[in-house]
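One structure below.
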Amino acid sequence: MVEKKLWGGRFEAGLEEWVEEFGASIRFDQRLAQYDIQGSIAHVTMLGKQGILQPEEAVAIQTGLQELLADCQAGRLSFDVSNEDIHMNIESLLTEKIGPLAGKLHTARSRNDQVATDMHLYLKEQLVLVLDKLWKLRETLVNLASQHVETIMPGYTHLQHAQPISFGHHLMAYYSMFSRDSERFAFNRKHADLSPLGAAALAGTTFPVDRELTSELMGFAKPYSNSLDAVSDRDFILEFLSNSSLLMMHMSRLCEEIINWCSHEYQFVTLSDTFSTGSSIMPQKKNPDMAELIRGKSGRVYGNLIGLLTVMKSLPLAYNKDLQEDKEGMFDTVDTITVALDILSGMLQTMTVNEQIMEEATQKDFSNATELADYLANKGIPFRQAHEIVGKLVLDCSKAGHYLQDVPLATYRAISELIEADVYQALSSKTAVERRTSLGGTGFSQVEWQIQTAKTELNQEKSL
Ligand code: ARG
């Protein structure tokens, strides 16, 4: 049996320790300590201003809280599971500092609006960090793409060689995905930017609180307009988990490609030693572990999203203790995506692109078959017929063990008098890429345009 709780008035018996342990959140919500203190400082400032507390009481509480904040930043706070969560731990530490006056801090407030406030403050700050790391990843991709506008690689559909493309173009596809992610996280900030403080337990309070003031003191855009919604809304966290899931999916796709590219079969890229690991038994191994881990960690982020969606799906208004389950998944997601973003940027910045091998991969294949069909179509042969002719030719070449560019001109002319010597130029993979100048295509000029647009975009965001 343990000592009396802050809520212990109506109880005769205390909790058993193992039951208390089950209900406590301090093991993980201590990460909210600085935000909890920050919220309390705003709250007590308002209580003093509104005459709910005497000015000197408010000042004394504020001073105690400032000291706690300094202790917190210096890592000097220690917490106790018998105080259940971060809110009661902070209050109890304040009581140790300033005595029973600390008990006045909780006037016109509940842990329900308090915890929601902490979560908003925390996530709002983390979103800035995430957006910054995402910006760096996008910049890395643009820089790499600008070095590889004219690097030719096979473009795939069904993981089969389809048509040659620019490696820069391939990278810029990921830039586009990460830019959408960035927009989503930026929008997420709007919903994290609301203050629940003053909603109290669920219904508001009879004290003359100034919710606009606390909202402003904490740097929020405005207070929630419905007290029930304020204490029970976790959409801003779900949006974060959902945005993070999409982000991880994009990172995972890129990592999957990197893993393929550095396999012996492809050899398109070589990862730097600093982002690779060896094998304890096979001396020759150099494994893309970090890329595999990002791919693997997408699972836990999806799990965190599904976990919280499931917690929320049948919750009646307003606060329910189930909501305590919103924290670990969110913290884990913040930790996972921030480090994954750094690792991916680092991996891309330090890898070697084996341009020649990439380009050669487009020469020992039939990825120029569309070029030949287009060539014939340009000469007036209906595309369907051209497709049929080239298909047959590909079959003949496969049987003979050579490629379209190896077919002699005489053979071509036997197929159609319209074919001339310039066919070989059309069949080169570089020409195939260069000519695809339709908007957003892989043609060099289009890739350059994408890169320029992206650079402008990144610069504009930087100055925001
Ligand atoms: N530790 C709780 C949580 O994380 C704080 C709010 C508790 N409120 C309550 N009425 N029990 O959700």
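In this chain, numbering begins with 1 at the start of the sequence shown. Indexing begins at 1, ligand by ligand and atom by atom, following the structure's order.
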Under the side chain to side chain donor-acceptor pair (under 3.5 Å) rule, collect the residues that match up with Glu125, sequence neighbours excluded.
-> Tyr35
Kindly give the heavy-atom pair with the smallest separation between Ile98 and Gly64, and that separation in Å.
-> CG2-CA, 4.1 Å
Which class fits the ring pair His120 and Phe220: parallel under 30°, tilted 30 to 60°, perpendicular over 60°?
-> perpendicular
Nearest heavy-atom pair of Leu94 and Leu105: which atoms, and what distance?
-> CD2-CD2, 3.8 Å
Considering all heavy atoms, the nearest Gln446-Gly441 contact | CB-O, 3.3 Å
Below 6.0 angstrom between ring centroids: does that apply to Phe236 and His191?
-> no
Give every pair made of an N or O atom of ligand 1 and a protein N or O atom lying under 3.5 Å apart, one pair per line with both atom names and the distance to 0.1 Å, or write 'none'.
| unit_1 | atom_1 | unit_2 | atom_2 | d |
| --- | --- | --- | --- | --- |
| ligand 1 | 1 (N) | Ser25 | OG | 3.2 |
| ligand 1 | 1 (N) | Asp85 | OD2 | 3.0 |
| ligand 1 | 1 (N) | Gln324 | OE1 | 2.8 |
| ligand 1 | 4 (O) | Lys327 | NZ | 2.6 |
| ligand 1 | 8 (N) | Asn112 | OD1 | 3.0 |
| ligand 1 | 10 (N) | Asn112 | OD1 | 3.1 |
| ligand 1 | 12 (O) | Tyr319 | OH | 2.5 |

